[in-house]
Amino acid sequence: MLLRGTAFTRLPTSLHLPATTAYRHHPHSLSISASASASSSSSATFPAAALSISDAELESRGFALHRDAASLDLDQLNAVFVAVGFPRRDPGKIRVALEHTDALVWVQQRRTEKPVAFARATGDGVFNAIIWDVVVDPSFQGIGLGKAVMERLVDDLLARGINNIALYSEPRVLGFYRPLGFVADPDGIRGMVYSRKPKRKK
């Protein structure tokens, strides 16, 4: 299922992760997309909108916001993946995935220095991006951290003029993405995923 909608930038910040940086979703069943209005060009700017939780408020609650992977511990990130039901991943492959990531946002609990929320995006750097691995440690769910990383990640992509933004989602969490500007099956468009399942003989 493809979701699409109009999104507005909140923070005009442009990010790119250098491949030389040292780094310490699996796709689900539904494809979701958010894009700027049809009249927008790749160089368009967007009106700022308020964040649901400010950087200052995150800091006051004991969290640190990061937009690069320099201090991200891969084993700790893997633990969050497993806690939310993702398969445990090879740390070396996670490192390669991060080296090919165009933008990411993650939240660290200052007391433990562990990641508690994470999201990243890959794409062509101009027109299209796909958001992956949106996770929040179960112990920290329900306090706005998922929305905090998603708002900032979408903002960062829009600030670069990337208007076609997609992601995969399980049906049970569609309600989380819709308020962020994502809608299902825009204009009847549906996503498809390559499958290696053998074809049944007729």
Next on the checklist: Closer than 3.5 angstrom, by distance alone: can the side chain of Q108 be matched with the main-chain N or O of A64 as a donor-acceptor pair?
Outcome noted: no

Item to check | Whether D187 side chain and I189 backbone form a donor-acceptor pair below 3.5 Å | outcome: no

Checklist entry - Does one hydrophobic cluster hold both V82 and V134, with members joined at side-chain heavy-atom distances below 4.5 Å? => result no

Next on the checklist: Looking at every non-hydrogen atom in both residues, tell me the closest pair between F182 and I165 and how far apart they are.
Outcome noted: CE2-O, 4.0 Å

Checklist entry - Is there side-chain contact between V149 and F118, with heavy atoms separated by less than 4.5 Å? => result no

Checklist entry - Are any of the side-chain heavy atoms of R152 and D55 separated by less than 4.5 Å? => result yes

Next on the checklist: I want to check something: taking the side chain as every heavy atom from C-beta on, are I131 and V154 in contact at a cut-off of under 4.5 Å?
Outcome noted: yes

Next on the checklist: Is the shortest side-chain heavy-atom distance between V136 and V84 below 4.5 Å?
Outcome noted: no

Checklist entry - Residues in side chain to side chain donor-acceptor pair (under 3.5 Å) with N78, at least two apart? => result none

Next on the checklist: Ring-plane angle category for H66 and W106, please: parallel below 30°, perpendicular beyond 60°, tilted otherwise.
Outcome noted: parallel

Next on the checklist: If we check salt bridge (charged side-chain N to carboxylate O under 4.0 Å, His left out) with R120, which of these qualifies: D133, D102, D68?
Outcome noted: D133

Checklist entry - Is it true that E99 and R95 make a salt bridge, defined as a side-chain N closer than 4.0 Å to a carboxylate O? => result no

Checklist entry - So, the side chain of R61 versus the backbone of I143: is there a donor-acceptor pair under 3.5 Å, distance only? => result yes

